[in-house]
There are 2 protein chains.
Amino acid sequence: MSDAYYLKLTEQLRTLIDQNAALWEGKLPAERSLAERFATTRVTLRQALSQLEMEGLIHRSNRRGWFISPARLVYDPTRDAGFNDYVRAQGRQPRTAVLKLETRAHLPAARALNLPDDQPFHHIRRRRYVDDRAVLVESLWVVPTCAPELLDIYTGQSLWGLLRERWGHYLANRSIRMVSEALSPIDAEELLVAPGTAGLNISRAILDDQQRPIEFDEEHWLHDSLCISVELSGQR
Amino acid sequence: MSDAYYLKLTEQLRTLIDQNAALWEGKLPAERSLAERFATTRVTLRQALSQLEMEGLIHRSNRRGWFISPARLVYDPTRDAGFNDYVRAQGRQPRTAVLKLETRAHLPAARALNLPDDQPFHHIRRRRYVDDRAVLVESLWVVPTCAPELLDIYTGQSLWGLLRERWGHYLANRSIRMVSEALSPIDAEELLVAPGTAGLNISRAILDDQQRPIEFDEEHWLHDSLCISVELSGQR
DNA sequence: TCAGACTTCTGGTCTATACCAATTAGCCAG
DNA sequence: CTGGCTAATTGGTATAGACCAGAAGTCTGA
């Protein structure tokens, strides 16, 4: 049972990776050569690699091979510090690419904000990077009356900052949901990973201090690239 | 690329499961019979099943086969409502089994609470069930001076309730961390699943209102059995 | 020097098969 | 009906080999 070869292989690979991380510059040797080195099949080798992938030690990019995963980004979804700020605060390099700007209806957003099913939203879709690795894609659905000219002026900055400073919205009530998932083919492609890769879905519904709906957003993270951290003090 | 057969198979299985959920009483047919039905190999069939497993639609128990996963439990790790309470509030049946009671040092707990490495703790290890399915194992590490006779009187009730009511502790400062993981062989065995199954690690360090360390705990959940939900309002 | 075509390498997918060990189902005796 | 043994079933693991398409590296000609 627990004497399965692929589990031993997993351990051997783990130490091998530790030792040669610098030498390999973050990229593992080809599967075929690793399989040969351990005198096994690619199938079994891949089973072991998948274990390490689930642990978050390594990951693969498209068809380019296996890479050693960098340290996880620490992220507090309850704070509205901008992505750029807290990535830099951890000594990493953030980047954002805007993938889509449009206005249309979206059922999950409508449901989450208690609006009619055909309610239109300003939709922003963007991909975020840490040190040039794409780690998440997200879709933001903003109630148009809260930010009328949003799509004309948006160029990749912090949306919550805009909502607060330009339109004076007070993002008072946030309802946050986190679920592990398998990335959809669409999300996976935008993140340059295989469809079905493990991910984490974080979505928020945001209302102002008078319970008026403002925004709904949905983030799809690579599971190995973040560590969620929440600090609570005082009340209750 | 996206025309892979196992992805189509995944979709076919998804609808097949939807249709026959009641008929099968929660347990899928044998892999060999499913593979035959779809005229493919067990290898490919298992690849498709693994996809659905990652999505959280199905799961497997030990060597007993594939089962349809029940709805996720909604869980707010920032509240200290007892497990039993919120499981019942969702119309499910909770159960707890105490696996171990001991006093010893534990490095991660000491680190998290800023105590010396050799600091001893009262250690409680328990397994929790929802509707008779084991969904998590957890270890609690309590500073002995905060609850001297804990191990003598503990019989499976709410630990936080005890700390509050019996010893008058005010659990004011909580630092929570959530990370996806692959379940260790030990955790996996205690949950009756295969080693390396996808899981979610939730750990908390708890201090009182004067920053005195009280407790550290670490939960290992099956990834498909929970939906984390946090509600925030007002401040900031 | 450089863009573009060609070749090689490599990961992604799939088939076919086999053995083991744990679970389950069936059978039999008490 | 029950307890225990046996046999069939089934999931977990592993081998060996194959093809494809994308990525990377190489060569060529302008």
Side-chain angles (χ1 to χ4, degrees), chain A residues 1-13 24-54 58-68 132-134 182-183 185 188-198, chain B residues 1-13 24-54 58-68 182-183 185 188-189 191-198:
Chain A
M1 176 64 173
S2 180
D3 53 349
Y5 180 56
Y6 82 95
L7 288 176
K8 290 178 196 159
L9 229 189
T10 305
E11 295 315 309
Q12 293 178 40
L13 282 170
W24 292 339
E25 293 177 338
K27 184 178 187 311
L28 270 61
E31 291 180 2
R32 284 173 175 83
S33 80
L34 282 175
E36 192 181 13
R37 177 184 324 208
F38 290 101
T40 184
T41 330
R42 269 182 71 208
V43 179
T44 303
L45 190 265
R46 279 171 66 88
Q47 200 173 354
L49 289 173
S50 297
Q51 282 295 314
L52 297 175
E53 182 186 31
M54 278 210 294
I58 59 177
H59 66 273
R60 49 198 156 147
S61 172
N62 237 358
R63 285 166 171 278
R64 286 188 281 117
W66 294 88
F67 298 84
I68 300 175
D132 285 319
R133 177 187 179 203
L183 294 174
E189 196 188 330
E190 292 183 335
L191 290 172
L192 301 176
V193 297
T197 299
Chain B
M1 176 64 172
S2 182
D3 54 347
Y5 181 55
Y6 82 96
L7 288 176
K8 290 179 196 156
L9 229 190
T10 304
E11 294 316 308
Q12 293 178 42
L13 282 169
W24 291 339
E25 292 176 341
K27 185 180 186 312
L28 269 61
E31 291 179 2
R32 284 173 174 83
S33 80
L34 282 174
E36 191 181 14
R37 178 187 319 210
F38 290 102
T40 183
T41 330
R42 269 181 72 208
V43 180
T44 303
L45 191 264
R46 278 171 67 87
Q47 199 175 356
L49 289 172
S50 297
Q51 283 293 314
L52 297 175
E53 183 186 31
M54 278 210 294
I58 60 178
H59 66 274
R60 50 198 156 146
S61 173
N62 237 354
R63 284 168 168 279
R64 286 188 280 118
W66 295 87
F67 298 83
I68 300 174
L183 293 174
E189 196 187 329
L191 289 173
L192 301 176
V193 297
T197 298

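Since this is a predicted model, take the numbers as computed values, not measurements.
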Could you check which of D:dT13, D:dG11, C:dC14 has an atom nearest any side-chain atom of B:Gln47?
C:dC14
From the options C:dT13, D:dT13, C:dT10, select the nucleotide whose nearest atom is closest to the side chain of A:Arg46.
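Nearest nucleotide to the side chain: C:dT13.
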Below the 4.0 Å mark, does [N] have OP1 or OP2 next to a side-chain nitrogen or oxygen of [X]?
{"X": "B:Asn62", "N": "C:dA22", "answer": "no"}
{"X": "A:Thr44", "N": "D:dT15", "answer": "yes"}
{"X": "A:Tyr6", "N": "D:dT13", "answer": "yes"}
{"X": "B:Thr40", "N": "C:dT15", "answer": "yes"}

To the nearest angstrom, how far is [X] atom [atom1] from [N] atom [atom2]?
{"X": "B:Glu31", "N": "C:dT23", "atom1": "CD", "atom2": "C1'", "result": "14 Å"}
{"X": "B:Leu34", "N": "D:dT9", "atom1": "CG", "atom2": "P", "result": "17 Å"}
{"X": "B:Tyr5", "N": "D:dC19", "atom1": "OH", "atom2": "C1'", "result": "18 Å"}
{"X": "B:Glu36", "N": "C:dT15", "atom1": "CD", "atom2": "C1'", "result": "16 Å"}
{"X": "B:Arg60", "N": "C:dA22", "atom1": "CZ", "atom2": "P", "result": "17 Å"}
{"X": "B:Leu192", "N": "C:dT23", "atom1": "CG", "atom2": "C1'", "result": "13 Å"}
{"X": "A:Leu7", "N": "D:dA14", "atom1": "CG", "atom2": "C1'", "result": "13 Å"}
{"X": "A:Trp66", "N": "D:dA23", "atom1": "CH2", "atom2": "C1'", "result": "17 Å"}

Taking side chain as C-beta onward, heavy atoms only, is A:Arg37 less than 4.5 Å from A:Gln12?
no
Validation row: A:Thr40, A:Tyr6 side chains within 4.5 angstrom (heavy atoms):
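A:Thr40 does not reach A:Tyr6 side chain to side chain.
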Given that B:Val43 and B:Leu28 both sit by DNA chain D, which one's nearest nucleotide is further toward the 5' end?
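Its nucleotide being nearer the 5' end, the pick is B:Leu28.
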Pick the closest DNA chain D nucleotide for A:Arg64 and for A:Thr41 by heavy atoms, then say which residue is nearer the 5' end.
A:Thr41
B:Lys27 to B:Arg64 - nearest heavy-atom pair and separation:
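Answer, listing the atom of B:Lys27 first, then B:Arg64: CE-O, 3.1 Å.
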Closest approach of A:Trp66 and A:Ser50, non-hydrogen atoms and distance?
CH2-N, 4.4 Å
Looking at A:Arg42 and C:dG12, is any side-chain donor or acceptor paired with a base atom of the opposite kind under 3.5 Å?
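Pair found.
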Is B:Arg63 side chain donor-acceptor paired with the D:dG11 base, going by distance under 3.5 Å alone?
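Such a pair is found, so the answer is yes.
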A:Arg46 pairs by side-chain contact (heavy atoms from CB on, under 4.5 Å) with which of A:Arg60, A:Glu53, A:Gln51?
A:Arg60
